[in-house]
Structures are given as C-alpha cells and as structure tokens.
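This report concerns only the one structure given below.
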Amino acid sequence: MPQPQTIVPVILSGGSGTRLWPMSTPAMPKQMLALTSDETMLQLTARRAQGERFSAPIVVANAKHAAMVEEQLEAASATADALILEPIGRNTAPAIALAAIAAGSGDAALLIMPSDHVILDVPAFHAAIEAALPLVQQGWLVTFGIDPHAPETGYGYIHMGEKLATGVHRVAKFVEKPPRDAAEAMLAAGDHAWNGGIFLFRADSYLEALAQHDPETLTACKASMENARHEGKRIYPEAEAFAASPAESIDYAVMEKAERVAVVPVKMGWSDLGSWDALQDISERDAAGNSHQGEVIAIDTTNCLVRSDGVRIAMVGVDNLIVVASGNDILILPSGRSQEVKALIEAMKKK
C-alpha cells in the first residue's frame with residue numbers, strides 16, 4: 001500500500017501582536033509568550049503538527065527573533081528543518097512563497113499555520129487535515145473554516161458552496177469583515193465559516209497560483225531565495241529582492257482569485273487570541289469569574305482578567321476589568337474594550 005503523504009508544517013511567526021500590549025511587544029511578540037499554558041504560543045503551534053504524519057517544520061520569522069525561535073522550538077522538540085528569516089515584513093503571500101520554495105517547489109503538502117493561534121481540540125484539527133488531503137493531492141488550495149459561534153465582526157468569513165467530498169466544500173466567496181447585521185445574517189444562514197487563516201496545499205499548486213494571480217510577488221521571492229545567505233538551518237533571503245515584493249495577504253493575492261479553492265469547516269476550539277478579551281474568553285476562571293496569573297491579590301473582585309510578570313497587583317471591590325502589568329507598563333481597561341489598545345499604542349507613538 002502507498003504510504004500516507006507526509007505534511008510539512010509551515011509556521012508563520014512574523015507578527016508583532018501589539019494588541020496584547022504591554023506583554024506583547026515588537027521585541028517579544030505574543031507568539032513567544034506563554035499566555036494560555038506553560039508553553040508559548042509558538043511551541044503549542046509546533047506541537048500540534050508533530051508525529052509520524054508530519055515532517056520537521058519550516059518556520060518563517062522576523063530576523064530579529066532568530067535565536068528566540070530556535071531556543072523555543074528546541075525546548076519543544078520541534079527543531080526547524082529551515083528557519084527563513086525575513087529582512088522585512090511583507091505579509092503572508094510572500095512569506096508562504098518563501099516557504100514553498102524552501103520546501104522544494106514540488107508536490108510537498110504544506111500546512112500553513114500562524115504561530116499565535118489557539119486550537120484546543122487538536123484531534124478535530126487533524127481530522128480536518130485528513131479530510132482535506134485528497135483534494136490537496138489533486139492540486140486544490142484548501143482553507144479551514146472555523147465554526148462560527150457568534151456574529152463576530154472582527155473576522156473575515158467564508159461562504160461555503162457545493163459539497164466536494166465528505167466534510168469539504170468549494171469556496172463560493174470570501175467575505176471581508178462584515179457589519180453586525182451582515183454577520184448575524186451569515187450566522188443564521190448556517191453556510192458561512194470564519195476565515196481562520198490556516199491552509200493546506202501543495203507547494204507547486206500555491207506557486208502556480210501565485211504565478212497566475214500575483215507574479216510580482218513570485219518574482220521577488222524567487223530572486224530573494226536564489227541569492228539567500230545560508231547559515232546552518234537559517235535562511236536569509238536577499239533583502240533588496242524581497243523588499244520589492246508587494247505586501248499582500250494570501251487571501252487577497254491568491255485565495256480570492258484562484259479557481260480550485262476548497263474549505264473544510266471545523267469546530268476545534270480556535271481563537272486568534274487577538275485581544276485581552278479573547279484571552280479572557282478562553283481562560284479558566286475561579287468561582288468569582290476571575291482569571292489571575294502572577295502575583296495578584298483580589299478581594300471582593302469579580303470577572304477580572306489580571307496578568308503580571310513582575311509587580312504585585314492588589315484589587316478591591318472591582319468588576320469586569322482587564323489589568324495587565326509588564327515591566328514599567330500597566331494597562332487597565334473595562335472588559336469588552338481591549339480592541340482599543342491599538343488606539344493607546346498610536347497615542348504613545350505620538351508622545
């Protein structure tokens with residue numbers, strides 16, 4: 001019998017995660033932090049693609065984080081087969097092109113995973129991967145649609161079309177982040193999923209789609225990899241060539257334009273952990289609804305998320321707060337308003 005196809009995990013670790021300030025910063029982005037368990041987000045991402053089915057990962061990261069990435073992966077027994085170190089961030093379409101080229105540009109199946117997502121039900125994720133593989137082997141580009149449980153306006157959506165196989169549908173349309181009424185209508189219709197930004201496809205299928213729909217990105221990435229510097233497992237794409245690439249997402253550059261695009265809807269306890277509210281939603285809470293980490297003293301306090309990596313936080317008689325202390329910075333805001341951290345970051349830049 002033919003052996004099951006080996007899957008190459010591709011971990012995208014170039015983000016800065018500033019919405020989780022003050023703990024997450026450009027120097028120490030959220031994927032490098034242990035926010036949901038004893039292991040970091042990067043380590044948890046690597047662990048969910050380990051075993052006989054998976055090869056060693058290809059990791060695409062910011063060059064400034066090289067040593068940190070290597071140390072964390074080694075600690076998780078997930079040393080990268082290749083660590084591609086971007087000289088500049090150019091979004092996901094070029095990052096994935098670099099990985100596809102590093103994987104040999106052939107029929108290798110690439111599992112594209114952001115390094116800063118939560119997946120609580122890994123067996124469900126693996127089952128979705130198995131459902132997708134037959135179409136992947138035929139050259140389809142597959143995305144995983146997250147089972148929506150609320151009319152979320154912060155995510156893009158995928159409109160699921162005709163059934164292609166058990167658990168797999170053709171993508172009818174990608175939908176930009178919708179207003180509330182549109183999100184409610186899509187949720188009620190039952191034929192939409194959240195776009196979680198996780199993909200599975202052959203390296204050659206992706207590069208062929210890129211050649212058709214975004215040739216400028218492909219040309220830049222090929223040139224940067226042809227002239228890349230190699231240091232052991234580290235690959236440094238040539239900076240000037242890579243900087244010539246448009247900064248486009250894979251969705252805009254390829255997935256919204258390609259013809260053979262499929263979606264596997266999956267319920268797997270997913271979160272992109274895009275805010276402190278998102279972390280509060282998935283955190284274990286005590287009888288008073290609190291989730292505390294670090295040195296925290298709380299009296300007559302309910303429904304609060306409190307995190308400290310150093311200073312002691314003492315609270316009395318408060319409800320529905322998010323309090324985060326890291327180094328010399330302290331963040332305090334009401335639960336439900338953590339998206340406004342972006343405005344805080346902008347205000348601090350002006351100062």
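Between Gly14 and Gln31 the shortest heavy-atom distance is N-NE2, 4.2 Å. Nearest approach of Pro215 to His213, heavy atoms of both residues: CD-C, 3.6 Å. For the pair Leu141 and Ala209, the tightest heavy-atom approach, listed with the atom from each and the gap, is CD1-CB, 4.1 Å.
Within a 6.0 Å radius of CD in Glu231, other residues, nucleotides and ligands contribute more than 12 heavy atoms. The number of heavy-atom neighbours closer than 6.0 Å to CG of Asp38, taken from other residues, nucleotides and ligands shown, is 12 or below. More than 12 heavy atoms of other residues, nucleotides or ligands sit less than 6.0 Å from atom CD of Glu130. The environment of Gln138 atom CD is dense: over 12 non-hydrogen atoms of other residues, nucleotides or ligands sit within 6.0 angstrom. The number of heavy-atom neighbours closer than 6.0 Å to CG of Asp286, taken from other residues, nucleotides and ligands shown, is above 12. Residue Arg337 qualifies as open at atom CZ: its count of foreign heavy atoms under 6.0 Å is 12 or below.
A salt bridge links Asp116 with Lys30: the distance from a Lys NZ or Arg NE/NH1/NH2 to an Asp or Glu carboxylate oxygen falls below 4.0 Å. Using a 4.0 Å cut-off between a side-chain N of Lys or Arg and a carboxylate O of Asp or Glu, Arg90 and Glu248 do not qualify as a salt bridge.
Side chains of Gln72 and Thr40: a donor-acceptor N/O pair is present below 3.5 angstrom, by distance only. No hydrogens or angles considered: a donor-acceptor pair under 3.5 Å links the side chains of Thr302 and Asp319.
We find the CG-CD distance between Leu33 and Gln43 to be 11.0 Å, quoted to the nearest 0.5 Å.
Ring geometry for Trp194 against His149 counts as perpendicular: the plane angle is over 60°, on a 0 to 90° scale with 30° as the lower cut.
Grouping Ile, Leu, Val, Met, Phe, Trp and Tyr by side-chain contacts under 4.5 Å, direct or through others, puts Val323 with Val296, Val306, Ile313, Met315, Val318, Leu321, Ile330, Ile332.
Residues Leu133 and Ile7 have side chains in contact (heavy-atom distance under 4.5 Å, counting atoms from C-beta outward).
The stretch residues 266-280 participates, sequence neighbours left out, in these side-chain hydrogen bond (donor to acceptor under 3.5 Å, both in side chains) pairs: His117-Trp270, Tyr155-Asp272, Ser275-Ser338, Asp277-Ser338, Gln280-Ser335.
Partner of Ile198 under the side-chain contact (heavy atoms from CB on, under 4.5 Å) criterion, chosen from Ile112, Val142, Ile119, Val266: Ile119.
For the pair Lys257 and Tyr252, the cation sits on the ring face: its NZ or CZ lies under 6.0 Å from the ring centre, inside 45° of the axis.
Residues meeting the salt bridge (Lys or Arg N to Asp or Glu O under 4.0 Å) test with Glu284, sequence neighbours left out: none.
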